[in-house]
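Each remark here refers to the structure printed beneath this line.
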Amino acid sequence: AMLSRLIFDYSITQFGRRCSQLRLLPGSALPAFVAGGAVDIFVLGGDLRIGGETILGGGFAVIEPDAQVMLRSGYGYLFFAWAEGPARWCDDAAGDPFGF
């Protein structure tokens with residue numbers, strides 16, 4: 001299961017961006033989504049798998065706008081995400097992983 005916490009909400013500015021903290025339990029995956037804008041990620045701990053790449057604690061990653069991705073983890077993860085636009089779940093579920 002994923003836990004998400006909104007850290008900074010810039011919805012009242014002209015930018016409308018979000019900074020969120022996300023946690024995923026070991027052996028879990030986030031459903032596929034399409035990024036609505038660039039998403040900058042800093043992994044605090046664990047392992048984050050984006051496609052064929054694995055980012056470990058202390059690592060950075062960037063998800064490009066309009067990229068379709070699935071986030072997975074073997075050991076669980078804790079990361080901060082700076083999202084420049086709302087994401088859209090590929091299965092049409094409501095909500096957004098980054099707090100939009």
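- Two different hydrophobic clusters hold Trp82 and Val39 under the rule that ILVMFWY side chains link at heavy-atom gaps under 4.5 Å.
- Rounding to the nearest 0.5 angstrom, the gap separating the CD atom in Gln21 from the CZ atom in Phe79 is 10.0 Å.
- Separation of atoms CD1 (Ile7) and OG (Ser20) is listed at 7.0 Å; rounding is to 0.5 Å.
- Heavy-atom minimum distance, Ala32 versus Met70: N-CE, 4.0 Å.
- The minimum heavy-atom distance linking Pro97 with Ala87 is given by the pair CD-CB, 3.9 Å.
- Cluster annotation: Leu48 is not connected to Phe42 through the hydrophobic network of ILVMFWY side chains, with a link wherever side-chain heavy atoms come within less than 4.5 Å.
- With rounding to the nearest 0.5 Å, the separation of OH in Tyr10 from CZ in Arg18 is 11.0 Å.
- When the side chains of ILVMFWY residues are joined at heavy-atom separations under 4.5 Å, either directly or via intervening members, Leu71 and Phe60 end up in two distinct hydrophobic clusters.
- Annotation for Leu22 and Ala81: closest pair CD1-CB, 4.1 Å, computed over non-hydrogen atoms.
- Identified under the side chain to side chain donor-acceptor pair (under 3.5 Å) test for residues 46-67, with sequence neighbours left out: Asp47-Arg49, Asp47-Ser73.
- The CZ atom of Phe80 sits 5.0 Å away from atom CG of Leu44, with the distance rounded to the nearest 0.5 Å.
- Rounding to the nearest 0.5 Å places CD1 of Ile41 at 6.0 Å from CZ of Phe98.
- Interatomic distance, Ile50 CD1 to Ile55 CD1, rounded to the nearest 0.5 Å: 4.0 Å.
- Following chains of ILVMFWY side-chain contacts shorter than 4.5 Å, one can reach Phe8 starting from Leu78, so the two form part of one hydrophobic cluster.
- With a 6.0 Å radius and a threshold of 12 heavy atoms from other residues, nucleotides or ligands, Arg72 has its CZ atom at or below the threshold.
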